[in-house]
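These notes concern the structure reproduced below.
On a predicted model such as this, the values are computed, not experimentally measured, just so you know. Numbered from 1 within each chain, the chains take letters A, B, ... in sequence-line order.
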Amino acid sequence: MSDPALFEMRDLTIETVRDGHRRRIVEGMSLSVRHGEIYGLVGESGSGKSISMMASVGLAAASLDITAGDVSFAGRRFAASDRRGLRSNLSHGVSLLFQNAKGALSPFLTTGAQVERVLAGRLPKSTCRREAIELFRVCGLNHADLADKYPHQISGGQAQRVAMACALATEPRLLIADEPTTALDVTTERELLRFLTRLCRERDLAIVLIAHNLSLVAEYCSGLTILHAGQIVERGPLASVFAEPLHPYTRGLIAAVPDVDAPHELEPLAGSVWGGRSDIERCRFSHRCPFAQPDCEAGVPALLPRAGHEVRCILYREDAT
Amino acid sequence: MRPMRIPPVLSYVLRRVAISIVVLIGISAVAFSMAYLLPSDPVTSRYPDISNEQRAEMRRQMGLDQPLIVQYARYMESVFRGEFGRSLGTGNSVGEDLARRIPATLELAVYGILLGTALAIPLGMFAAIRRGRPTDHVLRLVNIAIQSVPAFWLGVVLIFVVFYQLRWAPTPVGRLSPLYSPPPFFTGFYTLDGLLSGKFDVALAAGRQLILPVLVLGLGVVSPLARITRAAMGESLGEDYVTFGRALGLRERQVVLGDAFRGALIPIVTTFGFVVGNVLAGAAIVETVFSWPGIGRYAVTAITTSDMAPVSTCILLVASGVALTNLLVDLSYALIDPRIRHGYGK
């Protein structure tokens, strides 16, 4: 931990009122990303991964209460509830990519105009066109072909690259990529991820890759955090987590990944993300856990360092062994 | 390959105009029959004390003894000559009467719509941005209050308070106080014509006459437009492209006005089309209350005196106005959204 983190989220807690109950949808979420690192954030739909990253840049929906936590980026620290402050990071080094790139691009502007509009925020107007052409090139797009087209006239992969060009136009040092490839076919997915990795190297760009697909994370990330029902269940360096996955949920996720070299029967994870009241202090995975025991409902297990990374499960308590 | 743009738009417009003409002919028939079916008789209402023989003679002179279809044919022939029949009340051709009155109504309606839109859209946008918060609830109450006030009542109250009690507004006697003579004709709007001819005192006096009726007419527009703006903006503010725009550090003004508002514009413009029809209808009441020499008051007078040609023609005129507005609204869709322009539909 000698290298200071570029981006650090600490103890983020998000609550909302649903069905008359106050529910904690993200609890004690922390995340630390170093310069130029690709970091994976993994979890099922509803685990709170997108919401916490959106909250970290001040873009969480207004109906969500951010009750605790802070976020620092490049030495500037804001309370997680300070949406205005966090949003100021967006024009100073943090950018985002969305799953649905076509929907993320404005339907009313040509792709060229969208990139230039972002550039106009920090460059004199006369240079925007030139810089946009360069960004199209960097993103593997032909400016002459695409700049005059509207988002509905281009393919999903092209749209994601235009979105990339928009994001790069802000000169980011951190890119939060929220399942950027989910809407794309497998070949385009690989291309885009390879392209992102190259950007990381060339531009010292750090990426938080939000994914539900563990194999993608395994291939491109150096570290990962696994979220389940708004809680971190396991996190650490990629090699360590994959060498020795500890939490039953992590094991379940890994068992569900197909492997061409060592074919095995895929085991689907039973059940779905904790849908009950989230203000109750208990393990939120136990209802679908093969190792569940009465103690699981006795409180939220602590996140403990084990086997070179951290895990939240009573199987690994001091007194459990 | 860029699709050829002009010919499809042109053919669309021509098709729409052709359809509109058919619709308007249909409306003219309905309007004429309705005027004919009015339970009063133009001769009796004008000369209540004449003998039956005299009445029959007058009906014959006016052509009222002819079958409905013949009367309608005569009327339509007159329509295509641009005369639109003859008013029994003024003795002029209806076309002549209307030419004098249309600018008065247009000036009122245009300013009213401008005022109402200028109030409604910011109001609706603000409510959408503050959705679910106290500002939103207050604005909704204001909106309901505005909607609940009938124009005839508001007009009379404003005349009583602002003119009679406070003496802030001039005497509500039409477009211009008798102390001034109307400016030379350029646009037919006294305010603009006054400015264009350098008669600023006339422009100002005409503007002062306009204040109260424009306010009454404009407030009628606010409620439906503000409501649709709030709903449509509420939806478009949740679109991914709005979030992404924010994520790119674009200024909030750019995101809200540039993208979210444009995304909300189609339902707003559609409602605007309806609202224009309402305004033309509402003009009848406002013009009556403020003695405004426009087509609304002309139509009301014609109805109360069973003056058929003006009634039919006014209906036809308002219907044409609505048809034209709807054509413009439809065409504006393509300007607003490139997806519609490129024929992808939405």
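- A pairwise comparison of heavy atoms in A:Leu96 and B:Ala247 identifies CB-CB, 3.9 Å as the closest pair.
- The contact between A:Arg117 and chain B is made by backbone and side chain atoms together, counting heavy-atom distances below 4.5 Å.
- Heavy atoms closer than 4.5 Å to chain B are found in both the backbone and the side chain of A:Ala163.
- Looking at A:Val57, there are no atoms closer than 4.5 Å to chain B (heavy atoms on both sides), in backbone or side chain.
- Counting heavy-atom neighbours within 6.0 Å of B:Phe274 CZ, excluding the residue itself, gives a total of 12 or less.
- The stretch residues 228-244 of chain B participates, sequence neighbours left out, in these side chain to side chain donor-acceptor pair (under 3.5 Å) pairs: B:Asp136-B:Arg230.
- To the nearest 0.5 Å, atoms CD (A:Gln114) and CG (B:Leu250) are separated by 9.5 Å.
- When every heavy atom of A:Phe108 is checked against every heavy atom of B:Ile336, the shortest pair comes out as CD2-O, 3.6 Å.
- Heavy-atom neighbours of B:Arg251 CZ from other residues, nucleotides or ligands within 6.0 Å: at or below the threshold of 12.
- Heavy atoms closer than 4.5 Å to chain B are found in both the backbone and the side chain of A:Ser106.
- Shown here is B:Arg262, whose CZ atom has more than 12 heavy atoms of other residues, nucleotides or ligands within 6.0 Å.
- Contact detail for B:Leu248 and A:Ser95: the closest heavy-atom pair is CD2-OG, 3.9 Å.
- To the nearest 0.5 Å, the span separating CZ on B:Phe244 from CG on A:Asn100 amounts to 11.0 Å.
- In terms of non-hydrogen atom pairs under 4.5 Å with chain B, the most contact-rich of A:Met54, A:Arg87, A:Arg122 is A:Arg87.
- Open room surrounds CZ on A:Arg130; 12 or fewer heavy atoms of other groups in view lie less than 6.0 Å from it.
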